[in-house]
S.K.: 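Handing you this structure, nothing more for now.
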Amino acid sequence: MIEKTLHELIELIKKRDISAKEIYKEQIKVIKEKNPDLNAYISLIEDVQSEESGSLFGLPIAIKDNIMIKGHKTTCGSKMLSNFESIYNATVIEKLEKASASFIGKTNMDEFAMGSSCETSCFGPTKNPWNKSRVSGGSSGGSAAAVASGLAIAALGSDTGGSIRQPASFCGVVGLKPTYGRVSRYGLVAFASSLDQIGPITRDVKDASLLMNIISGFDPKDSTSVNIEVPNYLESLTEDLKGIKIGVYEAALDSVSKEIALSIENAIQTYKKLGAEIKKIDLPHIKYSISDYYILACAEASSNLARFDGVKYGYRSNDESIEEMYVNTRSEGFGAEVKRRIMLGTYVLSSGYYDAYYVRSLRLRHLIKMDFDKAFEQVDAIILPTTPTDAFKIGAVTKPLEMYLSDTFTIPANLAGLPAISIPCGISSNNLPLGLQILSNTFKEDILLKVAYAFEQQHDYYKKIPILE
Ligand code: GLN
């Protein structure tokens, strides 16, 4: 039962073969059994929605621990917020509640969503269910590992530079980052506000569409959410790709493992077979994406995280003087990666360096966006690898710069505000999943989902679920 998708379970509930309550009970039981080892959840929420109406019929969803559910803890994987209780609901939570979702727990993540491996969480890493010596990816590693292992049917994550797509790829599930402005960020703890988006992590593309139908749309509480109509994404799922043009950026394949390059070649063949036209495209500035992102994301983080000062909320150090309290709260409350980024961000925003780093990075961001604008004049979608490698070993990547390279192919979509999805597309020789990334133009999630669905129907990678002993 817990290996089924949302849409399969909805059908069973409609036929009265099973109730949401039974599913919820079974899910909690499995989590209690398996989570102590996998560490996908930080906390559990044990209150099932009784009302079995709404499009989700009471089915349980897991939520990344940087999205607020009123009355429950939101820790962001940080000592700074380890006792913080949310005082309001994020808009996505309100929307899910209206669709009769239940919430089952808050999932583990890199501290304040900064990382690519879930190892910077103050609650310890989430293991990869395919091989427990490997990382689950990050920062939404808890959500991806939970969905991959049967500890959740579906989950929400957040993606600033790849945090939905990279763990989805490492764990063999589907992860979608929507267009910037498509899903409200109200109630998501801010990391880098001009890049952050909430999105679904699911077992298949149909479930991603189903959740996108629920969480998308304008929200007056988020001034960057966009007031344009949301199509019914389930209606865009067809296998016929005639007339669809797919762009391939060949230079991307030079910097990935042979297996990943091969999986992309295979995807191109699948798309040709489905009737799509394949076109070569050029994205001359995306090679600068990592440098650009780590200046902009750190700059925004240094500003956003200034609120965690021991006065307003969260952890407070035990000091007599206010000066010591400010300093020690932050040095004790934040982990090393968060401190590194706050310092880097403060540096690039300082008066002597603002123009040299921050302003130049903004300009470069615009050039990257223009590369995509040009490409989308010729194609409807672009395919890229999600990651340069399969899931690495826990503890193996110790240099920050090496870790940052893991986001080489995911960051461009955030800088350009584009929607992008990662879907399973193969298994590596280490017996670990590989991900195919598809990007489309802004607010064209319907095309993205269609192109992803058509691929998925040709393969059964998405049906593979690791069995936890
Ligand atoms: N791994 C990237 C980082 O460390 C992206 C994180 C994210 O998308 N939240 O910043």
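For ligands, and for the atoms within them, numbers begin at 1 and follow the listed sequence. Values below: all heavy atoms of this structure, side chains included; hydrogens, waters and symmetry mates excluded. Quick caveat, the model's predicted, so the values are computed rather than measured.
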S.K.: Decide whether the shortest distance between a heavy atom of Gly162 and an atom of ligand 1 is less than 4.0 Å.
M.R.: yes
S.K.: Run the salt-bridge test on Lys444 and Asp380 with the 4.0 Å N-O cut-off and return the result as yes or no.
M.R.: no
S.K.: With a cut-off of 4.0 Å, which atoms of ligand 1 are near a heavy atom of Ser139?
M.R.: 9 (N)
S.K.: Distance to 0.1 Å, residue and atom name: give those for the protein heavy atom nearest to atom 7 (C) of ligand 1.
M.R.: Ser163 OG, 2.3 Å
S.K.: Verify ring-ring contact (aromatic ring centres under 6.0 Å, His included) between Tyr315 and Phe308, making sure each step is shown before the conclusion.
M.R.: CA-CA 8 Å; Tyr315 176 76; Phe308 303 109; over 10 Å; no
S.K.: Of the backbone atoms (N, CA, C, O) and the side-chain heavy atoms from C-beta on, which set of Tyr294 has a member under 4.0 Å from an atom of ligand 1: side chain, backbone, both, or neither?
M.R.: side chain
S.K.: May I ask you to decide if Ile104's main-chain N or O and Gln27's side chain share a donor-acceptor pair within less than 3.5 Å?
M.R.: no
S.K.: State plainly whether the residues Lys369 and Asp373 are in salt-bridge range, i.e. N to O under 4.0 Å.
M.R.: yes
S.K.: Give yes or no for whether the N/O distance cutoff of 3.5 Å, strictly under, is met between Gly161 and ligand 1.
M.R.: yes
S.K.: Which ligand 1 atoms does Ala113 reach within 4.0 Å, using its non-hydrogen atoms?
M.R.: 6 (C), 7 (C), 9 (N)
S.K.: Ignoring hydrogens and angles, tell me if any N or O in the side chain of Asp159 forms a donor-acceptor pair with the backbone of Lys177 under 3.5 Å.
M.R.: no
S.K.: Of the protein's non-hydrogen atoms, which lies at the shortest distance from atom 2 (C) of ligand 1, and what is that distance?
M.R.: Asp407 OD2, 3.1 Å
S.K.: Return a yes/no value for Met114: is any of its N or O atoms, backbone included, closer than 3.5 angstrom to an N or O of ligand 1?
M.R.: no
S.K.: Relative to the heavy atoms of Asp159, which atoms of ligand 1 are at a distance of less than 4.0 Å?
M.R.: 8 (O)
S.K.: I'd like to know if Arg341 contacts ligand 1, where contact means a heavy-atom distance under 4.0 Å to any ligand atom.
M.R.: yes
S.K.: Could you tell me whether Lys339 sits above the aromatic face of Phe334, with NZ or CZ closer than 6.0 angstrom to the six-membered ring centre and within 45 degrees of the axis?
M.R.: no
S.K.: Could you list which atoms of ligand 1 come closer than 4.0 Å to a heavy atom of Tyr293?
M.R.: 2 (C), 3 (C), 5 (C), 6 (C), 10 (O)
S.K.: Please classify the Tyr404 to ligand 1 contact at 4.0 Å (heavy-atom distances, strictly less than): side chain, backbone, both or neither.
M.R.: neither
S.K.: In terms of the angle between their ring planes, are Tyr357 and Tyr347 parallel, tilted or perpendicular, with boundaries placed at 30° and 60°?
M.R.: tilted
S.K.: So, taking the atom named CG in Asp65 and the one named OG in Ser121, what distance separates them when rounded to the nearest 0.5 Å?
M.R.: 9.0 Å
S.K.: Heavy atoms, side chains only, cut-off 4.5 Å: are Asp407 and Tyr294 in contact?
M.R.: yes
S.K.: Have a look at ligand 1 and work out which part of Thr160, if any, has a heavy atom under 4.0 Å from it: side chain, backbone, both or neither.
M.R.: both
S.K.: For ligand 1, find out whether one of its N or O atoms is nearer than 3.5 Å to an N or O atom of Gly115.
M.R.: yes
S.K.: Should you measure from each heavy atom of Phe191, which atoms of ligand 1 turn up under 4.0 Å away?
M.R.: 9 (N), 10 (O)
S.K.: Determine whether the aromatic ring centres of residues Tyr293 and Tyr404 are separated by less than 6.0 angstrom.
M.R.: no
